[in-house]
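Since the model is a prediction, treat every value here as computed from it, not as a measurement.
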Amino acid sequence: MTDLPDVVRTDSQFEIRLGDAVAFAQYRVKGDSIIFPHTVVPDAFAGQGVGKRLVEAGLAYAKAQNLLVRPHCSFFKAYIAKRPELHAMVHPDERATLTPA
């Protein structure tokens, strides 16, 4: 894996910048939950594990803030679905949507 900049959290997304390219996972906090609606990883980041790093940063933040996860983004949903140990982090209303790919 290439040395990449750290994931940075802004008010609305987790992001990694490489030159002009920005990979990001949008989020918003609502009540006791954090919603992840959309993730974008440009071709410049292909094969470098950037999407995984964004998801892991988002989940670490959710855990640190005691927030339940609402993975509306298909990337977040697929990542969590493959890892049963993370299912308890998902809001109970959305756990049934976790089906392994």
Side-chain angles (χ1 to χ4, degrees):
M1 185 184 317
T2 308
D3 287 333
L4 291 169
D6 291 335
V7 177
V8 174
R9 183 180 62 83
T10 71
D11 288 341
S12 62
Q13 64 190 25
F14 292 89
E15 61 185 44
I16 297 175
R17 293 181 177 271
L18 186 60
D20 291 337
V22 181
F24 62 88
Q26 294 175 335
Y27 76 92
R28 68 181 179 276
V29 175
K30 185 174 182 182
D32 65 349
S33 300
I34 185 168
I35 302 161
F36 293 101
H38 190 58
T39 301
V40 173
V41 179
D43 291 341
F45 293 103
Q48 298 181 57
V50 170
K52 177 182 175 185
R53 287 182 59 197
L54 291 169
V55 171
E56 289 173 349
L59 295 177
Y61 179 77
K63 185 175 182 178
Q65 300 299 311
N66 293 314
L67 295 169
L68 292 168
V69 175
R70 291 184 177 265
H72 295 178
C73 163
S74 59
F75 194 87
F76 268 79
K77 192 174 286 190
Y79 182 92
I80 294 169
K82 293 176 186 175
R83 294 161 179 83
E85 69 276 12
L86 299 177
H87 292 189
M89 292 182 70
V90 176
H91 193 283
D93 292 349
E94 300 194 23
R95 287 185 193 148
T97 67
L98 299 175
T99 54

- [ ] Treat each ILVMFWY residue as a node, draw an edge where side-chain heavy atoms are under 4.5 Å apart, and state whether L68 and I34 are in one component.
- [x] no
Open item on the list: Looking at every non-hydrogen atom in both residues, tell me the closest pair between C73 and H38 and how far apart they are.
Closed with: CB-N, 3.7 Å
Open item on the list: Do L59 and Y79 make a side-chain contact, defined as non-hydrogen atoms from C-beta onward lying under 4.5 Å apart?
Closed with: yes
Open item on the list: Once rounded to the nearest 0.5 Å, what's the spacing between atom NZ of K63 and atom CD of E56?
Closed with: 12.5 Å
Task: Contact summary for A57 and V7, nearest pair of heavy atoms - done: CB-CG1, 3.6 Å
TODO: Kindly give the heavy-atom pair with the smallest separation between P71 and K77, and that separation in Å.
DONE: O-CE, 3.1 Å
List the atom pairs, with distances to 0.1 Å, where a side-chain N or O of residues 9-27 and a protein N or O form a donor-acceptor pair under 3.5 Å, not counting sequence neighbours.
{"from": "R9", "atom 1": "NH1", "to": "Y27", "atom 2": "OH", "distance (Å)": "3.2"}
{"from": "T10", "atom 1": "OG1", "to": "S12", "atom 2": "N", "distance (Å)": "3.2"}
{"from": "T10", "atom 1": "OG1", "to": "Q13", "atom 2": "N", "distance (Å)": "3.1"}
{"from": "T10", "atom 1": "OG1", "to": "Q13", "atom 2": "O", "distance (Å)": "3.1"}
{"from": "Q13", "atom 1": "NE2", "to": "E15", "atom 2": "OE1", "distance (Å)": "2.6"}
{"from": "E15", "atom 1": "OE2", "to": "R17", "atom 2": "NE", "distance (Å)": "3.0"}
{"from": "E15", "atom 1": "OE2", "to": "R17", "atom 2": "NH2", "distance (Å)": "3.4"}
{"from": "Y27", "atom 1": "OH", "to": "T10", "atom 2": "O", "distance (Å)": "2.6"}

Task: Spacing of CE belonging to M89 relative to CZ belonging to R95, to within rounding of 0.5 Å - done: 10.5 Å
- [ ] Please say which of I80, V69, V55 ends up in a side chain to side chain contact (heavy atoms under 4.5 Å, CB included) with L86.
- [x] I80
- [ ] Consider only side-chain heavy atoms of I, L, V, M, F, W and Y, link residues closer than 4.5 Å, and tell whether V8 and F76 are in one cluster.
- [x] no
Task: Nearest non-hydrogen partners of H72 and P37, listed with the distance - done: CB-CA, 4.1 Å
Task: Pairwise side-chain contact, Q48 with V41, heavy-atom cut-off 4.5 Å (strictly under) - done: no
- [ ] Kindly work out whether a path of hydrophobic side-chain contacts (I/L/V/M/F/W/Y, heavy atoms less than 4.5 Å apart) joins I35 to Y61.
- [x] no
TODO: State, yes or no, whether a side-chain contact exists between L98 and H87 at a heavy-atom distance under 4.5 Å.
DONE: yes
